[in-house]
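Please read the structure below before turning to the comments.
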Amino acid sequence: GGDSMLIMRELLQYYHALLTQSPLKLAPLLSYREFIQKWHTFDTRSGTNYWQELLKNYINDNVFLYNKKTAVGIFKQQHIEFSLSEPQIKDMKSMSQRIGCSRNILIQTAWGILLNQYFGQSDVVFGVVRAYPSSLTQGCRGPFYHTFPVRVKTSNAVTIADLLREVYQQNVKMKSFIHTHSARNAI
């Protein structure tokens, strides 16, 4: 996010000051307390309404159940690595450009379809991690990330292109409400 740019800029300023043996002059930073005070000035009602509407009538309570200590559960925990070939990456890029969405949206949609199939449900919700925009965290250092819900509903009447557009629209709308504490208040 924006904090990495701030840290890099300051690192370069430190380096320049060392090279030139000049005094270091850094811009004042917003304290975390000031950030929280700024945060409380945002309107969260519209965001809460958005998240409630997104999750309205969601009743699927499937979760990955696995207890590492007792090995109870139907899922086997394992680490799997894979990589896409150049032709696969090219195909993804071509498809995303044709439909008008990013490769990230393709992956989110594919994950939603996989979860739909895995749980045998037509409606799933999963979380995606987003960095807060630098306009909200300007002058602050540190990681400013949050997990937001994405909902994927499948049916025989819905095409892959329709699902991609829906997930894309959710991601676009999500940006308007990134300053709210999303689903935990909406469920």
Side-chain angles (χ1 to χ4, degrees), residues 1-5 35-36 38-64 75 80 82-138 140 142-187:
D3 61 305
S4 59
M5 292 301 294
F35 171 75
I36 295 299
K38 175 182 167 184
W39 197 263
H40 287 292
T41 65
F42 294 121
D43 170 30
T44 58
R45 187 179 17 227
S46 59
T48 300
N49 291 341
Y50 169 74
W51 300 115
Q52 286 175 339
E53 187 61 32
L54 176 69
L55 299 172
K56 186 177 177 181
N57 298 323
Y58 181 74
I59 55 171
N60 187 345
D61 59 355
N62 285 324
V63 293
F64 288 102
F75 304 105
I80 299 172
F82 74 95
S83 50
L84 298 174
S85 67
E86 285 299 319
Q88 288 171 320
I89 292 170
K90 203 173 187 179
D91 287 346
M92 277 182 67
K93 186 175 183 180
S94 173
M95 180 186 238
S96 62
Q97 287 174 338
R98 191 172 59 250
I99 294 174
C101 66
S102 69
R103 285 176 272 180
N104 187 34
I105 299 300
L106 282 175
I107 291 168
Q108 286 180 26
T109 305
W111 181 246
I113 293 169
L114 178 74
L115 291 175
N116 286 137
Q117 294 299 307
Y118 193 76
F119 289 120
Q121 303 289 327
S122 62
D123 190 7
V124 296
V125 173
F126 59 92
V128 294
V129 177
R130 289 279 178 266
Y132 289 110
S134 59
S135 60
L136 296 178
T137 61
Q138 193 169 16
C140 295
F144 290 91
Y145 298 96
H146 195 56
T147 304
F148 295 93
V150 172
R151 188 172 187 178
V152 176
K153 291 195 248 182
T154 59
S155 75
N156 291 337
V158 177
T159 67
I160 297 292
D162 292 337
L163 283 175
L164 288 164
R165 285 186 197 95
E166 174 59 31
V167 172
Y168 172 77
Q169 285 303 317
Q170 285 183 46
N171 276 262
V172 168
K173 290 176 185 174
M174 180 187 305
K175 290 178 183 177
S176 298
F177 305 110
I178 207 161
H179 63 281
T180 62
H181 290 284
S182 71
R184 76 170 179 226
N185 296 326
I187 296 177

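In this chain, residues are counted from 1 in sequence order.
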For [X], give me all partners under side chain to side chain contact (heavy atoms under 4.5 Å, CB included), at least two apart in sequence or on another chain.
X: Met92; result: Leu84, Arg103, Leu106, Ile107
X: Asn104; result: Ser102, Gln108, Arg130
X: Lys153; result: Asp123, Arg151

* Under a 4.5 Å cut-off applied to non-hydrogen side-chain atoms, are Val152 and Leu115 in contact? -> no
Separation of [Y] [atom2] from [X] [atom1] (nearest 0.5 Å):
X: Leu114; Y: Phe126; atom1: CG; atom2: CZ; answer: 10.0 Å
X: Ile113; Y: Leu163; atom1: CD1; atom2: CG; answer: 5.0 Å
X: Asn156; Y: Ser122; atom1: CG; atom2: OG; answer: 10.0 Å
X: Ile89; Y: Ser94; atom1: CD1; atom2: OG; answer: 13.5 Å
X: Ile160; Y: Thr109; atom1: CD1; atom2: OG1; answer: 8.0 Å

* To do: Show your reasoning for whether side chain to side chain contact (heavy atoms under 4.5 Å, CB included) applies to Tyr168 and Val172.
  => CA-CA 6 Å; Tyr168 172 77; Val172 168; 3.6 Å; yes
* Asked: When you look at Met174 and Val150, which way does the side chain to side chain contact (heavy atoms under 4.5 Å, CB included) test go after all the steps?
  -> CA-CA 9 Å; Met174 180 187 305; Val150 172; 4.0 Å; yes
* Structure fact -> Sorted by chain and number, sequence neighbours left out, side chain to side chain donor-acceptor pair (under 3.5 Å) with Ser85 holds for Gln88
* Residues which pass ring pair (Phe, Tyr, Trp, His ring centres under 6.0 Å) with Tyr50, listed by chain and number, not counting sequence neighbours -> Phe177
* Nearest heavy-atom pair of Val124 and Gly112: which atoms, and what distance? ->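 Scanning both residues completely, I find the closest heavy atoms to be CG2-O, 3.6 Å.
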* salt bridge (Lys or Arg N to Asp or Glu O under 4.0 Å) contacts touching residues 155-176 (sequence neighbours left out) ->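 Residue pairs passing salt bridge (Lys or Arg N to Asp or Glu O under 4.0 Å), neighbours aside: Asp162-Arg165.
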